[in-house]
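Presented below is the structure to which this report refers.
Chain A is the first sequence line, chain B the second, and so forth, proteins listed ahead of strands; every chain is numbered from 1.
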2 protein chains.
Amino acid sequence: MSSEDIPNRGRPVTIKDVARLANVSPKTVSNVVNNRPVVKPATRERVLQAIRELNYHPSALARGMVTRSRRLIGLVLADITNPAYPEMVEGVASLARQAGFMVMLCNTGRDPDEEERYVHLLIEQRVDGVIIASSRMDSKAAEVLTSAGIKVLLFNRHPERYSVSFVGVDNENGGYLATKHLLNLGHRRIAFMRGTRGASTSIEREQGYRRALAEFGIEPSPELIAWGDYHPDVARTAADLLLRMRNRPTAVFAANDVMALSVIDAAAALGLRVPEDVAVVGFDDIAIVANRLIGLSTIHGDLGQLSREATTLLLEAINGNLTEPVRKVLPVYLVVRRTCGGKPTGDW
Amino acid sequence: MSSEDIPNRGRPVTIKDVARLANVSPKTVSNVVNNRPVVKPATRERVLQAIRELNYHPSALARGMVTRSRRLIGLVLADITNPAYPEMVEGVASLARQAGFMVMLCNTGRDPDEEERYVHLLIEQRVDGVIIASSRMDSKAAEVLTSAGIKVLLFNRHPERYSVSFVGVDNENGGYLATKHLLNLGHRRIAFMRGTRGASTSIEREQGYRRALAEFGIEPSPELIAWGDYHPDVARTAADLLLRMRNRPTAVFAANDVMALSVIDAAAALGLRVPEDVAVVGFDDIAIVANRLIGLSTIHGDLGQLSREATTLLLEAINGNLTEPVRKVLPVYLVVRRTCGGKPTGDW
DNA sequence: CTGAAAGCGCTAACAC
DNA sequence: GTGTTAGCGCTTTCAG
């Protein structure tokens, strides 16, 4: 009995504590907390008063158990330190937040095993949906999640066969536009720097690169294909090798901006001028590369917009308003700045 | 009865389903799942077989309800698109992951109200701990969380009075070193670009700036103090104003690298050379600024290391191994590259 | 070593 | 309008 009188002995305050203080049933408190308009204003006020007094916070855990909805989404990505991701994360986070969802961050560090582990953790957390922006083409993540009843949205990257919703940019065409532009500027020895092995983005960008070369009757030389792993350090080493070749390329198309920046840095270290000695084009158009000191020519796709579309689609799927998988590919365009040697577009 | 025979009718498979299939009690399954070495190997194998067969994933929700630990931490930050954060997020995410914790991402967008809302959501989620890297000095976030029984670790920024653990870099000294260096190079009209209003980092960096000026008997002129809000666009506008002044500063010390880059961009747009016409020093040493095309002189503090220390401390607090609040301030040093006009350090 | 029962905090059905 | 009861899926007593 006496313990009944002590409101809070360290243990978190529950709906019962509030009910007791407000002299109502737990159900009524629940109704107030969930803004159900069936409560008399006077009662409601009394309950709210009790909530404030006890500093009550309803447990999302307990609620999730019974409603079977956690209001939680997972966000799986390859490497948060690649500036292309934060631009995307921001869009996801803000839209999710508006819809009352929290976001669980899963940074795989490009490790497929880590991705798989995260998938299982997300299932255990009973998240409502997951946005996957990390997968290689052989990933089973989407299947595993789907079979656990969790909605999935693939972001830009995708596995080989997929029957879940996908949003992305037109990577193949981006690769084509970048390479075509360099060809039009007269370059014939154009190197391509690949991203992560097995990433669909890298594969598709390379396909575009090859298509453009083919149009000019050029057989892509294997020595001009480098691996940069979408990672600045790996790319830096690869760029150094590329630019030290006796017959070095006159232009480099890197599968993302981070690697393009590494190419530029390597060139500067070797005393090569960009674009006079070597032209460089990237992919993503991350914010920093528009800086006038860099002026990287690159392929622009609206990742912010894309991430908002992705989140909207995922939330609709979670709400059951999306029965069929959707597939949406946004167009890209070339932004010519300084590093390719072409005539700058617009402000550039 | 017939429904008993159907293993899974859409509803997620529970510990009971596994127990039934393996012919054991739920408790035994629980023991297996939690690797408690009290189960006979044969039984254990049978249970694991059933788990695989049913594709069972224990509910972290249900477990959390009874164990009162979610194995979850919250990460509250001001703006994920500022490259200084991802470098930190990576450290937190990887260490948390190793310890079996998931991370909830809370991007406040520099909005104090949003921070407060996130704090309540984190309490509802019953997270075990929170790393706060977003607060202004008047924030009550740490107090509110602590009073809800949640461990808090303040990262770099801190409120006015705080009695929770804190890790950060020596912001005041960083501001001093940057300004002192510019003074030693002969600059006398040194502008300071502030960050977010009320952010302790910005305030402390300014204090260092003022201390250095005072040593040279210089009264900081109000017209040389600009607001950049730690935001590239705001900073860009402010920089433009600063550099268009009839009596413009010969040097600018920006409270972070993102703003320093905006200053550089503004200078280039106005046809001013860096460092000849205007010297620039930043703060944070984000990865990109080491690129030879930029070569930003800046204050380096090891944010990666700091974030790992932060996470370690938070996890220790969660485990109850940290009774007293800890306060840890890492030293910083000046990296001289190209933009300040001084003699480059090391590789630079 | 394993089983049965209780209960974590909440909401969905029903009563009243 | 409001109260009561019965679970959600798990772990933790306490018995066997």
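- One can place CD of A/Glu45 at 13 Å from P of D/dT2, the figure rounded to the nearest angstrom.
- A donor and an acceptor atom, one from each side chain of A/Arg71 and B/Gln125, are nowhere located under 3.5 Å apart.
- Atoms CZ (B/Arg71) and C1' (D/dC10) sit 16 Å apart, rounded to a whole Å.
- Proximity note for B/Ser30 (side chain, C-beta onward) versus C/dT11, C/dG9, D/dT11: the nearest is D/dT11.
- Relative to the side chain of B/Pro26, the nucleotides C/dA12, D/dC10, D/dT11 differ in distance, and D/dT11 lies closest.
- Proximity of B/Arg36 to the phosphate of D/dT12: a side-chain N or O atom is located under 4.0 Å from OP1 or OP2.
- In this structure, B/Asp17 places its CG atom 13 Å from C1' of D/dC8, rounding to the nearest Å.
- The shortest distance between the side-chain N/O atoms of A/Arg20 and the OP1/OP2 oxygens of D/dG3 is not below 4.0 Å.
- Computed from coordinates, the B/Tyr56 OH to D/dC10 P distance equals 3 Å when rounded to whole Å.
- Distances from the side chain of B/Asn34 to the nucleotides D/dT2, C/dT11, D/dT11 place D/dT11 closest.
- The closest side-chain donor-acceptor pair between B/Glu45 and B/Gln49, if any, does not fall under 3.5 angstrom.
- Between the CG atom of A/Leu61 and the C1' atom of D/dT11 there is a distance of 14 Å, rounded to whole Å.
- With D/dT2, C/dA12, C/dG9 as the candidates, the nucleotide lying closest to the side chain of A/Lys27 is C/dA12.
- Looking at which nucleotide of DNA chain D each of B/Asn31 and A/Val38 is closest to, the 5′-most match is held by A/Val38.
- If you check every strand for non-hydrogen atoms under 4.0 Å, B/Arg44 touches nothing.
- Distance, A/Leu54 CG to C/dG9 P: 14 Å, rounded to whole Å.
- Closest heavy-atom contact between B/Val92 and B/Ile73: CG1-CD1, 4.1 Å.
- Taking every side-chain heavy atom of A/Val24 into account, D/dG3 is the closest of C/dG3, D/dG3, D/dG1.
- Rounded to whole Å, atom C1' of C/dA6 lies 12 Å from atom NZ of B/Lys16.
- Between B/Thr67 and D/dC10 there is no side-chain N or O to OP1 or OP2 distance below 4.0 Å.
- At a cut-off of 3.5 Å, with distance as the only test, a side-chain donor of A/Tyr230 or A/Thr201 sits close to an acceptor on the other residue.
- Taking every side-chain heavy atom of B/Val66 into account, D/dT12 is the closest of D/dG1, D/dT12, C/dC10.
- B/Arg68 contributes no side-chain N or O that, together with a main-chain N or O of B/Met65, makes up a donor-acceptor pair within less than 3.5 Å.
- The side chain of A/Arg68 lies closest to D/dG9 when the candidates are C/dA12, C/dC10, D/dG9.
- Among D/dT11, C/dC8, C/dT11, the nucleotide with an atom closest to any side-chain atom of B/Met65 is C/dC8.
- The nearest heavy atom of DNA chain C to A/Pro58 and to B/Asn23 marks one nucleotide each, and the one closer to the 5' end goes with B/Asn23.
- In plain terms, the two heavy atoms of B/Pro159 and B/Ser139 that are nearest each other are CB-O, 3.7 Å.
- Here C/dG9 presents its P atom at 14 Å from CZ of B/Arg70, a figure rounded to the nearest Å.
- The side chain of A/Ser25 lies closest to D/dT2, out of D/dT11, C/dG9, D/dT2.
- Candidate nucleotides D/dT2, C/dC10, D/dC10 were compared by shortest atom distance to the side chain of A/Thr28, and D/dT2 ranks first.
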